[in-house]
Amino acid sequence: MNAAQPRFAAEETTVRRLAAGLALVLTMGLVAAMGQLADRQYDNALMAQADEAPTQVVVVQASRLRRG
């Protein structure tokens, strides 16, 4: 605590720091949870798409005609 700074101002700063830290932890936790949920839904959609009819691949080969 600074001599020029009143006691309540120093306590208010500490409370603000604690509140900001708590808000940061909660925000990051929420973002991480949403990311995991999105990953799980993407995986489920990918697996559902894989269960559909198989994809056909067509390979075309060509050779040059002889010059006459």
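Just so you know, residue 1 is the first one in the sequence shown, and it goes up from there.
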Taking only residues two or more places apart in sequence or in another chain, which ones pass salt bridge (charged side-chain N to carboxylate O under 4.0 Å, His left out) with R17?
none

Among Ile, Leu, Val, Met, Phe, Trp and Tyr joined by side-chain contacts under 4.5 Å, find the other residues sharing a cluster with V25 and list them by chain and number.
none

To which residues is L30 joined in a hydrophobic cluster, defined by side-chain heavy-atom contacts under 4.5 Å among Ile, Leu, Val, Met, Phe, Trp and Tyr, whether direct or through other members?
M34

L37 side chain near D39 side chain, heavy-atom distance below 4.5 Å
no

